[in-house]
2 protein chains.
Amino acid sequence: MEEQLSERGKRILEAVIEDYIATAEPVGSRTITRSHELALSPATVRNVMSDLEEMGLLASPHTSAGRIPTDKAYRLYVNSILEAKQNLTAGKRDEIRRRCRMAGKDPAEMLKEASRLLSTTSSYMGVVMAPRMAANVFHQMEFVKLSSHRILAILVSQNGTVQNRLLETEEEIPQEDLVRMANYLNGMLQGLTLAQVRERLLAEMQSEKVRYDSLMAKAIALSEQTIRTDSTEIFLEGQANILEQPEFADAAKMREIFRAFEKKSLLLDLLDRSMQAEGVQIFIGSESPLLKMEGMSLVTSTYLTGKDTVGVLGVIGPTRMGYGRVIPIVDYTAKLISRLLDTE
Amino acid sequence: MEEQLSERGKRILEAVIEDYIATAEPVGSRTITRSHELALSPATVRNVMSDLEEMGLLASPHTSAGRIPTDKAYRLYVNSILEAKQNLTAGKRDEIRRRCRMAGKDPAEMLKEASRLLSTTSSYMGVVMAPRMAANVFHQMEFVKLSSHRILAILVSQNGTVQNRLLETEEEIPQEDLVRMANYLNGMLQGLTLAQVRERLLAEMQSEKVRYDSLMAKAIALSEQTIRTDSTEIFLEGQANILEQPEFADAAKMREIFRAFEKKSLLLDLLDRSMQAEGVQIFIGSESPLLKMEGMSLVTSTYLTGKDTVGVLGVIGPTRMGYGRVIPIVDYTAKLISRLLDTE
DNA sequence: GTTTAGCACTCGAACTTTTTGAGTGCTAAA
DNA sequence: TTTAGCACTCAAAAAGTTCGAGTGCTAAAC
């Protein structure tokens, strides 16, 4: 089983994978000799395929069908066969650029558009995880009094992201006090990341100084409430594309997939994981920690602002996915988003 | 065909509809006599059903199958047969209340939760159209300077909704000017609805007074840009529930539905339409203007803040939907949301 | 004049059987 | 080592059966 893969073996494996990607049907020896001009007869190809099966790279659904690549084969394929093809046509590149630009400056809008874009250009599902709030840099905070006991807290980050939260207070706080509180906080928190802001606030809550200044104590408490939520948003677009894939034609399978993606927490785990490493990463079928993801693969890339990794985006599709086509799309989109998000 | 429907006819039609709702299978004369204790033989029921078919209330897929209610029958059913059953179990009511409360004060969060709730309690799709911004009442506006040429405009409505927009300016505007601009605008726009605000701003842009005060001109221009977007958000949840319905087991059909809902504009039209009238409304299958909605029905109700209708929410499911169960859910949820949204 | 039992008839769904053809593995010759 | 040849396999498609729920009609019963 551990015999090294010959050059010819590689060629044939590549052919099988590419045919399978194109047709979703088990590939036979015959088909290969016809479509890829290897100067070999079907019989020879059969022998090689038999070896590949031995090595755990191919599998046959039953004796008299063609063969299907295993997850291991896809892994090998993306790691060491698929290489030179990694560039995008100028047209696609333009389209991506144009549509990202069009989405405007608002970060959330832009990310959503990016997700939609990943989905349409790849014809699978696009997914974008918004930057963790915690990595944003604090810029300014405001308290707006809505009615006697309702205050709207607004937190602005340097990149233009806005977080807001409706707070209820027991006692009425006069408008001037709200302004003073905001000024105090803005002075204190200038330039910190929100993660640091959080720590700072918790520390302040303990400190002597604040204890005796009830206004400041209130200010700290209110802002702590505001910053508490760190729910990471995920934009998942193009779910309907998945319905197009023949391997999910079966209604039961489809249902399972949709259910799985309805719980975004699963997806979140997965994306969090791919944020560990920089650049393009590929999770193939069973490698993914999501059991439900059987038969699906994920191509991701991290994106950055400045030099900090802040988020991750990618494409989810069947294991039988056009990696050669998808990888550059993901890669390029991530780089573009990084550039656009960068606070100039 | 125009013969009036007898009492017995009604009873039998009701039986057919209810059986069909429960099973999604064509209903035969036999089945009915068994499950609903009408003191009639199958043969008699057959005669009546034949009459009903004549009247366009039932249809048979083929000679030797049972019968299926037509859209017209559903219409009759919800209008004049289904009546007394319109109350919710205490348990369900509690669940709805509890979950709405839990969602917190933020209007957007709450509406999203309401949609999810409609979907789980009905086991179809939940849909909520967020209030048209234009109906909100202006409360306050802020301009936050992010960097030399980037300004974040924040618009707060009285109900706590926040709208924000990143603006780029050609020339740098000093912070003090931004504050003065905001003060000026806040004075001018106090208490108007956003629709009125918009009109006012456009009017001001023409006025003499403003022409010669370049700062105020800028203020007006900036705020006009901010308010320009009136994209109504729609929360659609529980799409996976639709996959459960046997009538959509076919992959092609499913795809069509998902594609249709991906374009939210269609849905928007439909919901806009149901906002014309107050209270619960029901669109059955072909009655809906969405051609793609074939086989689907929509139960909606408007919700209000104070006494103004501001939005609409509802349930989308197959025409064969448990109206008796869904209507009170929609009704109650709408009322509850109205109450919770009310600015106390 | 309703209502119902009886019966022949219809027709899709489900199950079987047959046919077809792409694909395999093995053997022996090139 | 490669390949032609051939027997064999097996799922999928096509064709053929069976089954039964359901219908419509007629004539007897109420």
Side-chain angles (χ1 to χ4, degrees), chain A residues 3-13 15-17 19-20 22-70 246-247 249-251, chain B residues 3-13 15-17 19-20 22-70 246-247 249-251:
Chain A
E3 206 191 334
Q4 207 37 313
L5 193 55
S6 72
E7 191 50 40
R8 195 172 66 180
K10 265 189 192 173
R11 289 285 303 282
I12 288 176
L13 182 59
V16 173
I17 291 178
D19 269 26
Y20 186 65
T23 64
E25 297 288 328
V27 184
S29 51
R30 195 70 183 271
T31 331
I32 284 184
T33 55
R34 245 172 313 184
S35 52
H36 302 254
E37 71 306 295
L38 307 163
L40 293 173
S41 74
T44 314
V45 172
R46 269 206 296 282
N47 289 331
V48 178
M49 282 168 95
S50 178
D51 296 348
L52 292 171
E53 184 162 7
E54 198 84 333
M55 289 188 242
L57 293 168
L58 293 180
S60 32
H62 59 266
T63 348
S64 75
R67 287 182 168 94
I68 287 180
T70 62
E247 49 263 74
D250 168 37
Chain B
E3 205 191 336
Q4 205 40 310
L5 193 55
S6 70
E7 190 51 40
R8 196 173 63 180
K10 266 191 193 175
R11 290 287 301 282
I12 288 177
L13 182 59
V16 173
I17 291 178
D19 269 26
Y20 186 65
T23 64
E25 298 288 329
V27 184
S29 52
R30 195 72 183 268
T31 332
I32 284 183
T33 55
R34 246 172 313 184
S35 53
H36 303 251
E37 69 309 293
L38 308 162
L40 293 173
S41 75
T44 315
V45 172
R46 269 205 298 281
N47 289 330
V48 179
M49 281 167 95
S50 178
D51 296 347
L52 292 172
E53 185 162 4
E54 198 83 335
M55 289 187 239
L57 293 169
L58 294 180
S60 32
H62 58 266
T63 350
S64 75
R67 287 183 168 94
I68 287 181
T70 62
E247 48 262 74
D250 168 36

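Below, chain A is the first sequence line, B the second, and so on; all start at residue 1.
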Just how far, in rounded Å, is [atom2] of [N] from [atom1] of [X]?
X	N	atom1	atom2	value
B:Ile68	C:dG12	CD1	C1'	13 Å
B:Asp51	D:dC25	CG	P	12 Å
A:Met49	C:dG25	CE	P	9 Å
A:Asn47	C:dC26	CG	C1'	10 Å
A:Arg46	D:dC8	CZ	C1'	12 Å
A:Arg67	C:dG25	CZ	P	5 Å
A:Glu25	D:dA11	CD	P	15 Å
A:Leu52	C:dG25	CG	P	12 Å

Could you grab the distance from atom [atom1] of [X] to atom [atom2] of [Y], nearest 0.5 Å is fine?
X	Y	atom1	atom2	answer
B:Thr70	B:Leu13	OG1	CG	8.0 Å
B:Thr31	B:Glu25	OG1	CD	10.0 Å
B:Met49	B:Asn47	CE	CG	11.0 Å
A:Arg46	A:Arg67	CZ	CZ	9.5 Å

Are the side chain of B:Ser60 and the backbone N or O of B:Gly66 linked by a donor-acceptor pair below 3.5 Å? no
OP1, OP2 of C:dG25 versus side-chain N and O of A:Ser64: anything below 4.0 Å? no
If we call it a pair only when both distances are under 3.5 Å in a Watson-Crick or G-U wobble match, what pairs with D:dT3? C:dA28
Comparing A:Ala43 with A:Ala65, nearest DNA chain C nucleotide closer to 5' gives the residue A:Ala65
Could you say whether B:Arg8 or A:His62 is positioned toward the 5' end of DNA chain C, judged by the nucleotide with the nearest heavy atom to each? B:Arg8
Checking all strands, does B:Ser29 fall into the base, sugar-phosphate, or nothing category for heavy-atom contacts under 4.0 angstrom? sugar-phosphate
What contact category does B:Ser60 fall into here, base, sugar-phosphate, or nothing, at under 4.0 angstrom with non-hydrogen atoms? nothing
Got a donor-acceptor pair under 3.5 Å from the side chain of B:Arg30 to the base of D:dG22? no
Picking from D:dC10, C:dT4, D:dT23, which would you name as closest to the side chain of A:Thr63? D:dC10
